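Just the heavy atoms: all of them, side chains too, but no hydrogens, waters or symmetry mates, feed the values below. A, B, ... follow the sequence lines: proteins, then strands. Residue 1 opens every chain. Because the structure is predicted, anything quoted here is derived from the model rather than measured.
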Number of protein chains: 2
Amino acid sequence: MRNLSSLFHKCSVLSKLLPVVVTPRRLPHQLQQWGSNKIHRKIKIPNPLREIIMADPKIEEILAPLRASVKEQGDLVRKLKEEKAPEIDVKKAVAELKARKKVLEDKELALAPTEESFDRAKMEDLIKRRFFYDQSFAIYGGITGQFDFGPMGCALKSNMIQLWRKYFILHEQMLEVDCSILTPEPVLKASGHVERFADLMTKDVKSGECFRLDHLIKAHLEKIKSEKNTKPELKAEIEDILVKLDGMTADEMAALMKRFEMKSPISGNELTPPIEFNLMFNTQIGPSGLIKGFLRPETAQGIFVNFKRLLEFNQGRLPFAAAQIGNSFRNEISPRSGLLRVREFTMCEIEHFCDSKDHPKFEAVKDTKMLLYSADNQEQGRPAEIVTIGEAVARGMVNNETLGYFMARIHLYLLAVGIDANKLRFRQHMGNEMAHYACDCWDAECLSSYGWIECVGCADRSAYDLTQHTKATGVRLAAEKKLPAPKQIVVVEAVANKAAIGKAFKKDAKVINDTLTAMDNASLDQLQKELNAEGAYNLITPNGEFKLTADLVSVKKSEKTIHVEEIIPSVIEPSFGVGRILYCLLEHNFKMREGDEQRTYFSLPATVAPMKCAVLPLSGNAEFQPFVRELSQELISADVSHKVDDSSGSIGRRYARTDELGVPYAITVDFDTTKEPHTVTLRERDSMSQVRLPLADVPNVVRDLSNSKISWAHVEGKYPKFEQQETKGAAA
Amino acid sequence: MRNLSSLFHKCSVLSKLLPVVVTPRRLPHQLQQWGSNKIHRKIKIPNPLREIIMADPKIEEILAPLRASVKEQGDLVRKLKEEKAPEIDVKKAVAELKARKKVLEDKELALAPTEESFDRAKMEDLIKRRFFYDQSFAIYGGITGQFDFGPMGCALKSNMIQLWRKYFILHEQMLEVDCSILTPEPVLKASGHVERFADLMTKDVKSGECFRLDHLIKAHLEKIKSEKNTKPELKAEIEDILVKLDGMTADEMAALMKRFEMKSPISGNELTPPIEFNLMFNTQIGPSGLIKGFLRPETAQGIFVNFKRLLEFNQGRLPFAAAQIGNSFRNEISPRSGLLRVREFTMCEIEHFCDSKDHPKFEAVKDTKMLLYSADNQEQGRPAEIVTIGEAVARGMVNNETLGYFMARIHLYLLAVGIDANKLRFRQHMGNEMAHYACDCWDAECLSSYGWIECVGCADRSAYDLTQHTKATGVRLAAEKKLPAPKQIVVVEAVANKAAIGKAFKKDAKVINDTLTAMDNASLDQLQKELNAEGAYNLITPNGEFKLTADLVSVKKSEKTIHVEEIIPSVIEPSFGVGRILYCLLEHNFKMREGDEQRTYFSLPATVAPMKCAVLPLSGNAEFQPFVRELSQELISADVSHKVDDSSGSIGRRYARTDELGVPYAITVDFDTTKEPHTVTLRERDSMSQVRLPLADVPNVVRDLSNSKISWAHVEGKYPKFEQQETKGAAA
């Protein structure tokens, strides 16, 4: 059970791939400040791609024994699986495999050549100061795991989503839907969430305070490990436990709690045994309090329950993809790491329904080079490798064209929003970490100061969800496919004597008839057998069991010619965690001006930058105002978002401010602007270079730059360079 | 209390302005199908604007006594208010005023010349069939008051929101935020929602089924009224009760239940006395179950609690506007009328914070003509009138320029998305229907087959919310305003002997010091007095009462020069109910082809239409395919959303299908397309006229048409008319 829960959780976008961090001490029900656990030292961000390309023989020498150790264990796991060894043995071997893999990966990252350093505290300071986002309800003390996006964060997020719409909905002609967040219980029972979507926790028996169990154990053991008088053997054992923790069952964790005498780290009180805590927020729909509902934990289910309507909209044809952008909710036991583990988050999910896994547009993406980390490489201690997606599919590393097509499109989208290609990889789930519904799954992971972060999941959910909802509702969620040639089949069905059944069972007659109609072939065989042998059959229905005699029911076999067959389509599901991508994006684009650590900025691509340009009058001189106003109007007409910064402060200071906001272009209105021909300067954020151009050209030039229709180099080629102002401004 | 609750509810976008309809009989906890209560007869939609413009003397003759009757009662209400008559008398008089007003308005609508008829059942059929939207979780039986937007509804909604962003966020340089939906209880306590956001209901004492009380009473009384043997006097009395129902208290309703011996209409069981039911969905945040939270009932509070951050982002300056687009939730007791009363809905809200209510851009909108229905006109039995917003503000009908500016912008936005100008009015709230926080409020109402529907509220919330949150948190939500000249003021403050207080009160010292610091001038006067008189003062703190002697505290008066004053800004709040606008939009644009009632379509403006064009190969001929593919690619590059319809069916049939989807343009690839120069036909939905143009021109032409950069007339002027195809297609 625990294992399934853990797997379920893992394949989803907001899962626990993050390195486990000790939850800081806090008062009960009081609220942690995000970022309070600040990393003040600079973190070296290794460049894994470079490492791979230029594989250094010396480094490989150090890594070789670690690789061998992973491979040895990987081989053992395979052997055990082939031999169908007891589950517990496989599990243990997998835990050990993961442990060895982690040692290898840590070493790889540690040895990779670093090319830049990153100061998370500095970035977080900028994010709060310029209100990209910040903790929700802070004036009320705040709530962990909830964030409000301020003007800059909101615009960035909204631009990322608009670009997503272009990349997926528009480009692939997907059917976008917008479904309810409040979801009645039966829907999430069928999907498996009511039963399995849980984490283990433990409670302080006196104060009731809750702790996520794996976090608590980890913190406790690490404390012991760090103590001076802990014996080396115990330290080694603890290390071993820590790496296996993630795969442990409730019982195993309970045993650890007992053995190490764990108490509440806050009060020192006793703790309860492990409790399964369902991560969905519950509520009641309607005033009676009788319709139990949940806030959806993913947007996918809204698409599945609408499958029939969508198929019909698509005129009954496969394949088609539906997509949804919206908020989902998970009541995390201990949210943390800023935007990376939150209780409320925006997802963009696609469900691509198909009967064949070939993809007509695969050809168009097949040469896309990507960094792929296959399950096989992970199990064999080999590093991730750069291959084209075409080759990956041809080699069978990626299961099929459709999965490969979406992986490539995800890759391209992530680069377009500004994810650093050198910090992006696709990692395949190993057999044992796959969610219960998935048959293959690749995660797009971005490297950040928190390690590799799962930002997009791309899973082959097969027919799992449609089958589940069909079972739960009796509504066939299936498509019809024309057969190449008509086919003769034998149809077996129960023939009910409805009049007699009605008379005999009155109000239960309907459920009996329905149950008979829904019987599958195996049950019908059994019915026939029992009627033959005993002249009666015990029918189990939702209203209880009923004895049906041969005069009430019979079994009919007939031949039928069919032209179509019913198929439950497979589903490929790319699922994007917008907040996680946004966070990694900010990390990847956080820069400092050379020689001036205080001048930090975000080098966000213009497409997603919160605003496209700033309009700056050189000073408060009234002569500038009509030009500023007119330019602002013209920018509005050209749909160019912008900010007029007419506050006091030197032009240099104001440039620095727009740089902090990630605004790619700045337009300065100065004394020359007031003279004919009216001209202004246009400055590019990253290079800080400037050109002088006619005022009237500005709106279209900035719009075209922002839509990537023209490049800055093009603008520099077309207009004269401008060099004086930044100094002139500083003097002003 | 009831009254306040009702007022609170009323000023919000999704309020109960709708005509009350009897809830159809249903099984407990079973789910009504929306649209099941279909209106199969055609409804005459009167044209109120025309009625006003062409005021017919004959009609006015009929209306005159009704107008006089309203005026008489309006005068009485004013008199009672001036005399400060007992509240109960004022209330009764207002109820009578509303009753007379309703009679007048009903008569006005009944007499207005009708110019079209509307078949709601037909429109609802189209909406479901083409999956604009439909009931959520239908395969599970569905839930009332929840809707899923299918591809067409979702795209329409998303386009409406994008246009809203342009009209407001971009045009007004607003600060858009994106805040948490889950809201902890203290926030909504401060805003008044925990106490006041409720409706009255009654429960079946045995089955527990709930009924919204006013609906139940109405249904019960209407039944009595319709019975043959009911005496005319009783009928008249019931009519009187029905019109007053909306303003009744819980006690008055309880008395009605008793007098008419009301039982559950479903089971005949006894009913409980009236129960206040809070309309917010509640849940617990975090695993302990101790942090009570609600799903936000409006997006506004997220902006208020971020006021300080937003003010800082705006560099401390007023005025500025913040906006939020997002979902809100209300646990309606009996949702109905399709999208008009739902449990989950998207809002676009603006909070414009200002210290002066003049508006710099008012000049730009002042000539906008609008249909205004002032409180005064309502009370005096006069009709709504068409005035320019400039005149309305000048006459004092609309309180100030800022309110007027937003009303005009709302008006323009609604016309841009396709609301019929003849079915749009702004109605001012009368004194007694204002929410507790509002000091003036105008609703943009759209006329539909359900009557006048409140789609946008535009309220002057004054400083209510910021003051409430300041009180609740102790965080000053205020701005600083530079004084015209420095000012000398007397500062009175409590001086605490902190060392002595610390010694005397230990752990309570902090709360004592904090309380002393927060004392206002009146309390400080009292402190001084008591210290003088008795040498001690009883200080009330959150930790209890403490006796402070004169050695522990004193009062100091000093002079200070100040350059700024602190002000709590006023807030103007335009609040848009996206679903309601969308519904009215569909009604206003639902059309039938002349002479063919079966060919219905939506004449949606291209800006918001779900897709901009359809690409139709004339037949399944393989020669057409490369042209269709290429065109689709080019349309994607030009960001033009479209649908390729290569299904079988005559071209006429496929045109009809795209018309139903509200797609404004259709491009047909035919045999001439395959010849050089490659050309296609472009057809406009409303006129069904067609032109022939070069294939290469299509993407930009359709894009420019969709952005309203060029008109269809312009296209018709530029390219040759094409006449054959619709017949040729039908023959194919």
If I measure from the heavy atoms of chain A, does [X] come under 4.5 Å with its side chain, its backbone, both, or neither?
X      : value
B:F313 : both
B:S637 : neither
B:D645 : side chain
B:V187 : both

Would you mind checking which part of [X] comes under 4.5 Å of any heavy atom in chain B, side chain (CB onward), backbone (N, CA, C, O), both or neither?
X      : result
A:N327 : side chain
A:Q301 : neither
A:I325 : neither
A:I275 : neither
A:I303 : neither

Top of [options] for chain B proximity - count of heavy-atom pairs under 4.5 angstrom:
options                        : value
A:R309, A:Q146, A:R343, A:E176 : A:R309
A:I139, A:V305, A:T283         : A:I139
A:K308, A:K203, A:H469         : A:H469
A:V475, A:I169, A:L170, A:N278 : A:L170
A:R657, A:E312, A:M174, A:Q633 : A:R657

With respect to chain A, which residue among [options] yields the maximal number of heavy-atom pairs within a distance under 4.5 Å?
options                        : answer
B:L295, B:D639, B:L310         : B:D639
B:I285, B:N282, B:D178, B:L175 : B:D178
B:G302, B:S641, B:G286         : B:G286
B:T346, B:V177, B:L182, B:T473 : B:L182
B:A190, B:G293, B:G145, B:S158 : B:S158
B:K643, B:H642, B:Q324         : B:H642

Look only at the side chain of B:T202 and the backbone of B:T272, and say whether a donor-acceptor pair between them is shorter than 3.5 Å. yes

Taking B:S288 for its side chain and A:E209 for its backbone only, find out whether a donor-acceptor pair lies under 3.5 Å.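 A pair under 3.5 Å: no.
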
